[in-house]
Amino acid sequence: MMTSIQKESLVCRVSGKKLQQTLNLGIQPLGNGFLSQRDFKKEYFYPMATGFCSESKMFQLLEQPAPEKMFHDQYAFYSSSSRHMQNHFEKFADAVLESRCLATADPFVVELGCNDGILIKNFAARGIRHLGIEPSQNVAAEAQKHGVRTISEFFGAALAEKILKTDGPADVFLAANVMCHIPDILGVAQGINNLLKPRGVLIFEDPYLGAMVEKASYDQIYDEHVFLFSAHSIQYLFGKVGMELIDLLPQNTHGGSMRYVLAKKGIFPPTPAVDQLMAKEKLQGLDRAEGFAEFRRRVEKSKGDLVALLQELKKQGKKVCGYAATSKSTTILNYCKIGPDLVEYICDTTPIKQGKYSPGMHIPIQPYEHFQKNPPDYAILFAWNHSEEIMAKEKEYMARGGRWITHVPEVRVIA
Ligand code: DWN
């Protein structure tokens, strides 16, 4: 076991002030570090805990593995693995076009972390000048197949300069489920501000801190998610580079996300949604470290309840599998110490994960067809954020008496 720990961040990555610990999820491997048996001995682990900064209001990991460990040419997550997400991003693109922020002479749209092109391909297909930035080469290659112009580099002020020289300033800068992955978020914010036209807008969405706290969905915390944002933290971060929130739109994706719309300060009047959400966050306690005490208690209870349920099912001789080898499942399995003795296998539709083992707890990952041929008595819904889509396609499993286990918002069996 390797525990190469980076001590870079017991202070806030944005304000530089000391962090207060909010949650400790123990020693964890990489969320997407699916591995072969021969690599068990050299598996990478690090201590995963979160902290809160009372100045920037940033909820963040105390320590995070180096980006190169997580995002590389074997990156295991392809955004288009969910049909629901494909529809979501088509609608996202339509909303950008309807907002008329691309209604300029020669519009230019940039997307950070475009993955397999799920969002930006909708602009490419309309012949709009665009650029996708995606450091993981394997998923970037997939985006190129969809006609997306991509570069495989990490974004910051230096890359912004380069793009300004080759393409000029951007009308719209997009990101989805990306910003929360970036430790040098201030450098990225600076780069975005530099790259945008004076009336350019930044539109991005990420899992929302308020939704995670409400649902006790602590599995949103893993190596890749260095931050879980709120309106408070986004306002502080972008305020540092001369930008401000002008709108907020809650999304039901990934278990509760927020779409943030920002522009340079003073250009567009903010909608009432900005003040409304800031007020709600204060009530929810998202603006102070003490506000996370109840969340911590619910997470600890969730662990106890899930382990007790699985042990009871084992005693009864029931067969339990995991449904979808999500990054989130890595957090749950390693925090609760759930291994192949309690969960026989995890099925997943992504070929790169199949035939491998889950990070840390080493549960075999089987192709989806294995689930159909060997249906369990109970399946833990690790992709609970896609539950509607999954329930719709698993009617036969349920009709035959198959049951689901979920931990959101509390551990329970769904018949
Ligand atoms: O931010 C991130 C989010 C957006 O996506 C990344 N850091 C990584 C990833 O997180 P995740 O792995 O928790 O994402 P999902 O979308 O909840 O899960 C995707 C996985 O689930 C894929 O491996 C495919 C699998 N899956 C499946 O096997 N059957 C998904 C669906 C919908 C299914 O029906």
Side-chain angles (χ1 to χ4, degrees), residues 28 30-34 61 64-65 67 69-72 74-89 92 112-116 118-119 134-136 138-139 175-183 204-208 211-212 215 217-229 251-259 321-333 345-356 358-359 363 365-372 379-395 397 404 406-408:
Q28 293 272 349
L30 302 174
N32 268 311
F34 298 91
L61 289 180
Q64 190 193 29
K69 281 201 182 298
M70 300 179 281
F71 309 110
H72 40 63
Q74 292 296 308
Y75 186 54
F77 176 70
Y78 287 76
S79 295
S80 299
S81 56
S82 153
R83 182 61 237 170
H84 173 70
M85 291 309 292
Q86 292 185 36
N87 296 339
H88 171 77
F89 285 117
F92 188 157
L112 178 58
C114 69
N115 197 282
D116 56 16
I118 190 168
L119 171 59
E134 177 48 67
S136 297
N138 60 326
V139 285
N177 304 308
V178 169
M179 303 284 262
C180 69
H181 294 68
I182 304 174
F204 75 95
E205 57 186 42
D206 272 307
Y208 177 55
M212 179 185 80
K215 296 178 180 164
S217 47
Y218 67 93
D219 52 347
Q220 290 293 4
I221 303 167
Y222 49 90
D223 55 347
E224 297 175 15
H225 287 180
V226 61
F227 297 109
L228 278 139
F229 296 129
Q251 307 293 315
N252 65 7
T253 49
H254 288 296
S257 298
M258 190 60 67
R259 186 175 298 165
C321 88
Y323 192 102
T326 58
S327 327
K328 295 183 290 292
S329 67
T330 299
T331 297
I332 301 174
L333 294 169
Y345 67 86
I346 306 174
C347 71
D348 196 282
T349 52
T350 312
I352 199 171
K353 297 181 184 176
Q354 297 162 0
K356 294 199 174 141
S358 74
I363 299 173
I365 311 298
Q366 298 286 359
Y368 172 63
E369 294 67 37
H370 187 86
F371 172 83
Q372 291 176 305
I380 310 180
L381 196 49
F382 286 133
W384 58 271
N385 45 312
H386 300 299
S387 63
E388 244 177 67
E389 177 175 346
I390 294 171
M391 298 288 169
K393 73 178 170 199
E394 297 305 348
K395 290 201 173 106
Y397 166 67
W404 299 102
T406 185
H407 70 293
V408 176

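Read the numbers this way: they start at 1 and go in the same order the structure lists the ligands and their atoms. Any value given below was found using the heavy atoms of this structure, including those in side chains, with hydrogens, waters and symmetry copies removed.
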Asker: May I ask you to decide if Pro367's main-chain N or O and His370's side chain share a donor-acceptor pair within less than 3.5 Å?
Answerer: no
Asker: Can you check which of Glu224, His225, Met85 brings a heavy atom nearest to atom 1 (O) of ligand 1?
Answerer: His225
Asker: Between Thr326 and ligand 1, find which residue part has any heavy-atom pair under 4.0 Å and reply side chain, backbone, both or neither.
Answerer: both
Asker: If we only count N/O pairs under 3.5 Å, is Asn32 in contact with ligand 1?
Answerer: no
Asker: Taking the side chain from Glu389 and the backbone from His84, do they hold a donor-acceptor pair closer than 3.5 Å?
Answerer: yes
Asker: Judged by atom type as modelled, is there a donor-acceptor pair below 3.5 Å linking the side chain of Glu134 to the main-chain atoms of Asn115?
Answerer: yes
Asker: Taking Pro65's backbone N and O only, do any of them form a donor-acceptor pair with Asp223's side chain (distance below 3.5 Å, no angle check)?
Answerer: no
Asker: Please report whether ligand 1 has a polar contact with His254, defined as an N or O pair separated by less than 3.5 Å (distance criterion only).
Answerer: no
Asker: Number the atoms of ligand 1 from 1 as they appear, then name those within less than 4.0 Å of a heavy atom of Ile390, with their elements.
Answerer: 34 (O)
Asker: If you count the atoms of ligand 1 from 1 in the order shown, which ones are under 4.0 Å from a heavy atom of His181?
Answerer: 1 (O), 2 (C), 6 (C), 7 (N)
Asker: Which ligand 1 atoms does Lys393 reach within 4.0 Å, using its non-hydrogen atoms?
Answerer: 33 (C), 34 (O)
Asker: Between the side chains of Asn32 and Ser327, does any donor sit under 3.5 Å from an acceptor?
Answerer: yes
Asker: Relative to the heavy atoms of Ala324, which atoms of ligand 1 are at a distance of less than 4.0 Å?
Answerer: 21 (O), 25 (C), 26 (N), 27 (C), 28 (O)
Asker: I'd like to check which ligand 1 atoms, numbered from 1 as shown, lie under 4.0 Å from a non-hydrogen atom of Asp348.
Answerer: 20 (C), 21 (O), 22 (C), 23 (O), 24 (C), 25 (C), 28 (O)
Asker: Should one rank Gln220, Met70, Glu389, Lys328 by closest heavy-atom distance to atom 17 (O) of ligand 1, which comes out on top?
Answerer: Lys328
Asker: In chain order, what residues pass the ring-ring contact (aromatic ring centres under 6.0 Å, His included) check against Tyr397, with sequence neighbours excluded?
Answerer: Phe371, Trp404
Asker: Would you say Asp219 and Trp384 make side-chain contact, with heavy atoms under 4.5 Å?
Answerer: yes
Asker: Can a non-hydrogen atom of Phe382 be found less than 4.0 Å from any atom of ligand 1?
Answerer: no
Asker: Ser257: which residues meet the side-chain contact (heavy atoms from CB on, under 4.5 Å) condition with it, sequence neighbours left out?
Answerer: Gln251, Thr253, His254
Asker: Which bit of Thr349 is near ligand 1, meaning a heavy atom under 4.0 Å away: side chain, backbone, both or neither?
Answerer: both
